[in-house]
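Input: a single structure, listed below in structure tokens.
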Amino acid sequence: VSVTISPIRDAGGRIIGASKIIRDLTDRNARERRIQELQAELAHVRRLTELGQFVSMLVHEVNQPLTAIATYANACRRLVTVGDFARLATPLDRIVEQTSRAGEIVQRIRDFVKKSDALMRPEDMSHVIKEAIALTKTCVKDDGVTLEMQRVPTGLQAEIDKVQVQQVLFNLLRNGIEAMRGQPRPKIKVATKLAREGMIEISVADTGPGLADEVRAKLFQPFVTTKKDGMGIGLSVCKAIVESLAGRLWVDDNPGGGTIFRFTLLHAQDANTPTR
Amino acid sequence: VTETERRRVAMVDDDYAVRDSIRLLLEVVGHCVETFASPADFLNSATRKPSCLILDYRMPEMTGLELAKRLRADGDKFPILLITGSYSTAAIAARASKLGAVRVLTKPPAEQDLLDFINGHPSSGNEPCAG
């Protein structure tokens with residue numbers, strides 16, 4: 001609450017009383033928080049849309065040289081079968097040209113990924129995780145899942161692009177929530193600890209049914225999904241993001257049942273302390 | 001292919017390499033192929049009556065599906081193959097099937113599917129191959 005007290009004066013300026021205004025700020029705080037959440041949500045949607053467009057463009061651009069290469073190769077095979085070797089040189093040259101064209105597309109993808117380097121800065125992991133949990137609660141129907149952040153060591157900072165790491169956390173939390181649909185007492189725990197070699201390790205542990213071996217084998221492959229309406233890019237994007245931030249992402253079984261996704265990030269303080 | 005199996009294939013694709021490679025393959029097999037770099041080039045061509053037509057889906061000016069619709073509206077009945085790299089293939093196929101004799105293949109198409117499409121239709125008795 002906020003309290004404002006103002007004197008009430010008569011025409012001669014003497015204080016003859018006081019007015020007191022008490023405002024309940026719960027609403028305003030909730031509204032500000034909601035605005036922040038919406039902004040985060042918007043940033044997330046914008047990223048997904050950009051990614052979707054990028055993937056769509058990529059599919060088209062990579063398919064063109066692939067189509068040409070496959071077709072030239074088929075023609076060459078037929079020319080060999082009929083012994084018409086004189087006509088082979090041109091399509092073979094074209095295959096080499098089209099391979100370079102595909103290589104240039106790969107280079108453009110590298111450049112696109114590189115752009116994110118500029119946004120790396122030390123971020124308080126406690127804030128990063130809290131905001132990601134709030135974003136997930138806003139965007140995903142949680143069916144009564146408990147999302148819990150274990151206490152982060154005070155002042156623990158990672159050198160990251162915050163929005164990208166939140167994207168990773170959002171995807172992992174959403175996957176966890178979806179994996180636990182229909183399970184009793186669904187719960188996800190996010191824990192952070194200082195790991196070895198100047199890294200911070202974050203774990204996202206659910207109490208879902210765990211992963212079948214055949215799912216685990218293809219878990220991080222792009223465009224492989226077990227979801228009816230999934231595109232199969234969530235986890236491969238998570239892995240790509242974590243690796244672009246110089247960390248690793250992997251999966252473990254949760255000893256109590258369920259799955260634990262773990263990833264590492266650069267410990268910000270590590271850059272300032274000499275290596276022992 | 002034998003003389004009776006030879007088809008006069010037209011193809012519209014804005015990508016030179018895709019156009020050139022499919023032309024080479026079909027010529028090696030024995031068909032005669034005429035290629036066009038844009039839907040407008042095909043629509044304006046004097047010889048608009050191939051045995052069958054191969055269309056890229058994603059082109060400037062109009063999509064392959066739009067071109068197929070236009071041709072059907074003009075009364076052209078030759079079989080059309082749409083090649084698409086888009087992930088909305090099912091949605092495209094649903095619309096294409098309504099146009100009649102329009103097949104959809106995803107890119108890159110398998111050689112056999114391509115040849116099956118061309119051989120799967122009787123020669124329409126249009127102009128013979130030049131040369």
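These numbers come from the heavy atoms of this one structure, side chains and all, not from hydrogens, waters or symmetry mates.
At least one donor-acceptor pair under 3.5 Å links the side chain of B/H31 to the backbone N or O of B/R7. Side-chain N or O atoms of A/Q164 include none that pairs as donor or acceptor with a backbone N or O of A/D161 at under 3.5 Å. Counting only distance, with no hydrogens or angles, the side chain of B/D113 and the backbone of B/P109 share no donor-acceptor pair below 3.5 Å. Between the side chain of A/D206 and the backbone N or O of A/T259, at least one donor-acceptor pair lies under 3.5 Å.
Considering only residues two or more places apart in sequence or on other chains, A/R87 meets the salt bridge (charged side-chain N to carboxylate O under 4.0 Å, His left out) condition with A/D84. Partners of B/Q112 according to the side chain to side chain donor-acceptor pair (under 3.5 Å) rule, which considers only residues two or more places apart in sequence or in another chain, are B/D116.
Residues of residues 67-76 of chain B placed with any heavy atom under 4.5 Å of a heavy atom in chain A are absent; none qualify.
Contacts between B/D20 and chain A at a heavy-atom distance below 4.5 Å involve backbone atoms as well as side-chain atoms. Of the atoms belonging to A/Q98, it is side-chain heavy atoms, and not backbone ones, that fall under 4.5 Å from chain B.
Every pair passing salt bridge (Lys or Arg N to Asp or Glu O under 4.0 Å) that includes a residue from residues 91-110 of chain B is listed here, sequence neighbours excluded: B/D56-B/K107.
Contacts with chain B were tallied for A/I95, A/L79, A/N74; A/N74 has the most, counting heavy-atom pairs under 4.5 Å.
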